[in-house]
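Structure first, then comments.
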Amino acid sequence: MDATHEASRETGFAGESGAVKIQERLQKRHQARAEDAERRKEAKDSKSVAEEKGEYFSSTFNTERASIEEMLSGCSGADRAAVTRRLEDATAKTVQLQKFLNDSMLFLTQYELRQAQAALLKLQSAIAEAREEALPRKKFAFRARTKATDKVPETPSPEADTRTDSGVAKVDGAAESEQCSFSNMDNVSLTKTAVDVQKRDVLLSHLTNCKVRLFGSPSTLHLKHIDGCEILCGPVSSSVFIDHCRNSTLAIPCQQLRTHNTTDTRVYLHVTSRAIIEDCHGVTFAPFSWSYPTLEEDFEVSGLDRARNNWSQVDDFNWLAAGTHSPNWTVIPEADRKTTWDP
């Protein structure tokens with residue numbers, strides 16, 4: 001009798017324990033489902049917010065772009081004072097539009113970002129063309145003073161497609177009064193100060209084994225047909241354009257970098273928007289590390305955000321495989337980065 005009673009008690013305890021376990025499993029399953037539903041809801045809400053932000057960006061960006069284009073169309077036939085005022089307003093609005101794009105990059109798709117960057121470049125080119133057409137002035141260019149053995153060749157290079165009839169290199173789309181340039185030089189050292197380059201469009205073309213130091217804040221910088229050079233530049237207030245560069249080292253702060261047809265080149269970069277490469281191979285990147293006494297003042301003049309540096313965010317227009325790193329560029333390992341520079 002006692003044995004039977006004891007067995008009955010154990011069976012009861014086992015039944016109660018099994019029920020408790022079943023209840024716990026049901027509660028855990030219910031909790032997991034609730035958490036999963038919450039995650040899906042958050043993801044859906046997040047997607048909706050991103051879509052709303054994207055729609056707001058597109059609407060605002062296109063409205064501002066149309067406004068700038070209208071300003072530029074009004075330059076035709078206007079007097080000099082009106083054209084100057086319109087170009088100043090268009091330039092200021094373009095700078096604000098670039099800042100709006102920079103602040104919106106986190107929620108834009110790659111396609112939307114590329115479209116906006118292309119639109120901004122088109123606006124910048126249109127402003128430069130309008131300025132050149134409406135406000136032509138005497139051309140300004142620099143010629144380096146070098147030793148007799150390092151003189152500039154008298155016969156122009158057959159590839160120098162950026163040269164005018166006068167033989168002076170020309171920045172594409174830039175007003176003549178705002179240009180300075182070095183072209184067709186080998187094995188020379190070139191140095192210019194803020195007095196020479198401040199707020200000017202600078203062109204370096206057909207340079208081989210040269211060392212270039214540009215102190216100050218240029219408006220734009222164009223590098224074309226550069227081979228085996230070391231080029232260090234102060235903060236560039238808008239864009240840097242590189243084409244046909246190889247075996248070189250560059251150190252540049254800028255708002256936007258566009259690089260084409262470039263190989264085996266190291267870029268020490270500070271960029272507040274994004275870096276773009278196309279038809280490139282063996283390009284490596286590291287944070288900008290050149291320094292000189294007036295660098296901070298030149299950053300102020302340029303308007304670049306010292307705290308924002310997207311040096312490792314590189315878009316390769318030839319590499320569209322999402323989620324896979326482009327083989328055409330890499331980050332320079334910290335141990336291999338240059339931190340000291342010759343004068």
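These numbers come from a predicted model, not from an experiment.
- Side chain of Thr63 to backbone of Phe61: no donor-acceptor contact under 3.5 angstrom is found.
- A cation-pi arrangement is absent between Arg258 and Phe241, since the terminal nitrogen or guanidinium carbon is not both under 6.0 Å from the aromatic centre and inside a 45° cone about the axis.
- For the pair Asp196 (side chain) and Thr193 (backbone), a donor-acceptor distance under 3.5 Å is present.
- Thr84 places no side-chain N or O within 3.5 Å of a backbone atom of Ala82 that could act as its donor or acceptor partner.
- Residues Ser237 and Ser217 bring no donor and acceptor atom of their side chains to less than 3.5 Å of each other.
- Arg114 is linked by a salt bridge (charged side-chain N to carboxylate O under 4.0 Å, His left out) to nothing, counting only residues two or more places apart in sequence or in another chain.
- Rounding to the nearest 0.5 angstrom, the gap separating the CG atom in Asn247 from the CG atom in Asp264 is 5.5 Å.
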### Leu190 vs Leu204, side-chain contact (heavy atoms from CB on, under 4.5 Å): CA-CA, chis, key distance, verdict
CA-CA 11 Å; Leu190 309 169; Leu204 306 179; 5.5 Å; no
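- A donor-acceptor contact shorter than 3.5 Å links the side chain of Ser125 to the backbone of Leu121.
- The ring pair (Phe, Tyr, Trp, His ring centres under 6.0 Å) search around Tyr292 returns Phe215, Trp290, not counting sequence neighbours.
- The SG atom of Cys75 sits 11.5 Å away from atom CD of Glu70, with the distance rounded to the nearest 0.5 Å.
- Contact check on Asp243 versus Lys224 returns no salt bridge, with no Lys/Arg side-chain nitrogen under 4.0 Å from an Asp/Glu carboxylate oxygen.
- The backbone N or O of Thr272 lies less than 3.5 Å from a partner atom in the side chain of Asn310, making a donor-acceptor pair.
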Pairs under 3.5 angstrom only: tabulate donor-acceptor contacts from the side chains of residues 277-289 to other protein residues two or more places apart or in another chain.
residue	atom	partner	partner atom	Å
Asp279	OD1	Asn318	ND2	3.4
Ser289	OG	Lys338	O	2.8
Ser289	OG	Trp341	NE1	3.3

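- The residues Arg246 and Asp227 are annotated as salt-bridged, a charged nitrogen and a carboxylate oxygen being separated by less than 4.0 angstrom.
- The closest donor-acceptor contact from the side chain of Asp298 to the backbone of Gly216 lies under 3.5 Å.
- Ser248 is not listed as a side-chain neighbour of Leu223, based on a closest heavy-atom distance of 4.5 Å or more.
- For the residue pair Thr220 / Asp201, a side-chain donor-acceptor distance below 3.5 Å is found, with atom types taken as modelled.
- Ring orientation note: the planes of His225 and His206 are close to parallel, at an angle under 30° on the 30°/60° scale.
- Judged by distance alone, the side chain of Lys199 and the main-chain N or O of Val301 form a donor-acceptor pair under 3.5 Å.
- Between the CD1 atom of Ile231 and the OG1 atom of Thr249 there is a distance of 9.5 Å, given to the nearest 0.5 Å.
- Between Thr259 and Ile276 the shortest side-chain heavy-atom distance does not fall below 4.5 Å.
- Counting heavy atoms from C-beta on, the side chains of Asp186 and Leu207 never come closer than 4.5 Å.
- Side-chain atoms of Asn309 come within 3.5 Å of backbone atoms of Val271 as a donor-acceptor pair (strictly under, hydrogens ignored).
- Here Glu300 does not pair with Arg306 in a salt bridge; the nearest charged N to carboxylate O distance is not below 4.0 Å.
- Linking ILVMFWY residues whenever their side-chain heavy atoms come closer than 4.5 Å, directly or via other members, leaves Leu221 and Leu304 in distinct clusters.
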